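The structure appears right after this line, and notes come after that.
Note that the structure is predicted; figures quoted are calculated from it, not measured.
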Amino acid sequence: MTTTSDTWTLTGPVDAARARALLARLTADAGVPARDRARFLAVLTALLRPSREGRRQRLTVTAGEDLHLALDGAEPWRHTLACPSPLPRPLPRPDGLAEADLAEALLGAGEDTAVVLAGLDEAEELVRFHREELHQTNQGVLALHAELEAAALAQRELLDAERAARAEAENARRLLTFLADASASLNASLDHEDILRRLPKLLVPEYARHVDVWLVDDERTPPAERAAAAVTAARTGRPQHAAPRPGGLPGVDDLPASVLSPDRPLLCLPLGARTVQGVLTLSAPGERFAPDTAVMLLELARRAGIALDNARQYEQHRDVAEALQRAQLTELPDTPGLALAARYLPATHGLNIGGDWYDAFPGPDGSVLAVIGDVTGHGLRAAVIMGQLRTALRAYAVEGNGPARILTLLHRMLRHQQPELYATCAIARFTPGEPGVVWAAAGHPPALVRGPGGEVRVLDAKPGIMLGVPVPHEYEEHHEELPAGATLALYTDGLVERRSAGIDAGIERLADALGTLLGAAELEQLDAAADALLRPMLRDSEHDDDICLLLCRTAA
């Protein structure tokens, strides 16, 4: 496409005005948008200031598809303006413009300015609109941020509450587990002193720095710095807390600071189920007792009091049963031609005292009856029933009945008078001038016989049923030859029966001991023989049941 170029020489304000007016008309005719046209003319007007001041400038205008301008001066300027419509050929010159054209160009510039101003107004309105939207968006963002902050704070509070609840639940579980284990440990013993020894071991150092137990009937007095609190707890039956400041513990009374002001808080807890037996005093492991820990300690003290009360009752019951049992044991008769020795050992633990007995007495015909028996059950009731059987047996023997008949009558009596109790029994009758022994048994462990040469045999004839079993029964008598110097051993199951082994193994041990340990010298001292026989049978010195042993030796 051909181009048209023209150079205009501008030497004054009129030339500058004509050039601007001509370019305004050309760009308007070429369809340049008003905003672009106004921006172009504003720049051009500023560049034409030297011409307006009388200095010479040359403006070269080249018209093609676009309008190209070049201004020579102190500061050369090049510019290209895109023209949507074609420019006229040839280009008009500025000096050809009339005054009317200048006026029209001036008015057109005002219109362009109005268009630009209108655009600016629209832009400002749009800016205001977007500014308002941005403000509202910022407000929304701030509100959302505040909601997120509130939600985060609520979440943190919930997490803290959950952690606190978990910690509290874990602490409660730990306290309950300790309480259960400690209660089991205390109730596992029926020894009063053993329970008192276990308490400090359970509580120190986790729940108390120091533990002291003061019993009301003890000759010892509580330590001076704890005496007031302990005495108050024992007198009132109420737990007492002594510290410089009140503890506010549930179920615990705070002593006035004037009564006692120790360096470390003290907790004095009464011990006893029915009556106050003593006071458990604990010094705090830290600065104070925690409320949950105090509740657990109160319950532990209550259970410890029950354990102590049970131990005292057990000891009283055991002492009475043992006293009654020993009171009914027989002094062995001094019989020509027959030596007797007996031992009774109460159970070392538990309430398994009462029910085992031995007896030896002369019959109306001059014979001697050796008896050993065991009543089922333990305690006072068993001891009382044992006494009744012992008395009835002697009465039946006085009537001239033999061992089997005596057992049959005892069986009948026990069935009718004590249907819920049973007993075992063995009776051996030695008659002067007659060799051997006549015996009968009711469910009792078999007797052992040691010959003069040390050989041991078991009297293994089948014994009858236990006394009192609800079945009619007639017992049988057996005769056993006993050479001079032979020893018959009668015993109860407590001597041969252990939890770790059956009764048959215990009988074998007893037979070995009888054959090995009873030498000739010991047979001369039958009491010493009884002790020698018990030693290997009771190596651990612990047995769960009473033990009776009755040795009968025929004269050499």
Less than 4.5 Å apart, side chain to side chain, heavy atoms only: is that true for [X] and [Y]?
| X | Y | value |
| --- | --- | --- |
| Ile195 | Arg198 | no |
| Leu345 | Leu534 | yes |
| Cys268 | Val279 | yes |
| Leu298 | Pro239 | yes |
| Leu215 | Leu196 | yes |

Under 3.5 Å, is there a donor-acceptor pair between the side chain of [X] and the main chain of [Y]?
| X | Y | answer |
| --- | --- | --- |
| Asn138 | Leu134 | yes |
| Ser185 | Asp181 | no |
| Gln240 | Ala233 | no |
| Asp254 | Gly248 | yes |
| Arg238 | Asp253 | no |
| Thr236 | Thr232 | yes |
| Gln57 | Leu47 | yes |
| Ser189 | Leu186 | no |
| Ser283 | His210 | yes |
| Thr376 | Tyr422 | yes |

Pick out which of Arg173, Arg166, Arg174 makes a side-chain hydrogen bond (donor to acceptor under 3.5 Å, both in side chains) with Glu170.
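One option only clears the test, and that one is Arg173.
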Approximate separation, where rounding is to 0.5 Å, of Leu267 CG and Leu249 CG
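Here the rounded value is 6.5 Å.
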At what distance, to the nearest 0.5 angstrom, does CD of Glu193 lie from CG of Leu308?
9.5 Å
Does the distance from a Lys or Arg side-chain N to an Asp or Glu carboxylate O, for [X] and [Y], drop under 4.0 Å?
| X | Y | value |
| --- | --- | --- |
| Arg509 | Asp504 | no |
| Asp160 | Arg156 | no |
| Asp309 | Arg312 | no |

The test is salt bridge (Lys or Arg N to Asp or Glu O under 4.0 Å); show your working for Arg78 and Asp72 and say whether it passes.
CA-CA 9 Å; Arg78 302 288 184 272; Asp72 295 334; 3.6 Å; yes
Heavy-atom neighbours of [X] [atom1] exceed 12 at 6.0 Å:
| X | atom1 | result |
| --- | --- | --- |
| Arg58 | CZ | no |
| Glu287 | CD | no |
| Gln136 | CD | yes |
| Arg49 | CZ | no |

Got a sec, which residues hit ring pair (Phe, Tyr, Trp, His ring centres under 6.0 Å) with His79, two or more places apart in sequence or on another chain?
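Applying ring pair (Phe, Tyr, Trp, His ring centres under 6.0 Å) to His79 gives Phe40, Trp77.
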Does Phe178 have any ring pair (Phe, Tyr, Trp, His ring centres under 6.0 Å) partners at least two apart in sequence or in another chain, and if so, which?
Tyr207
Dump the intermediate steps for salt bridge (Lys or Arg N to Asp or Glu O under 4.0 Å) on Glu132 and Arg128, then the final yes or no.
CA-CA 6 Å; Glu132 183 64 26; Arg128 282 194 299 272; over 6 Å; no
Given salt bridge (Lys or Arg N to Asp or Glu O under 4.0 Å), test Asp36 with Arg39 step by step and report yes or no.
CA-CA 5 Å; Asp36 295 341; Arg39 185 179 294 111; 3.3 Å; yes
Step-by-step side-chain hydrogen bond (donor to acceptor under 3.5 Å, both in side chains) determination, Asp374 to Thr492:
CA-CA 7 Å; Asp374 185 2; Thr492 56; 5.6 Å; no
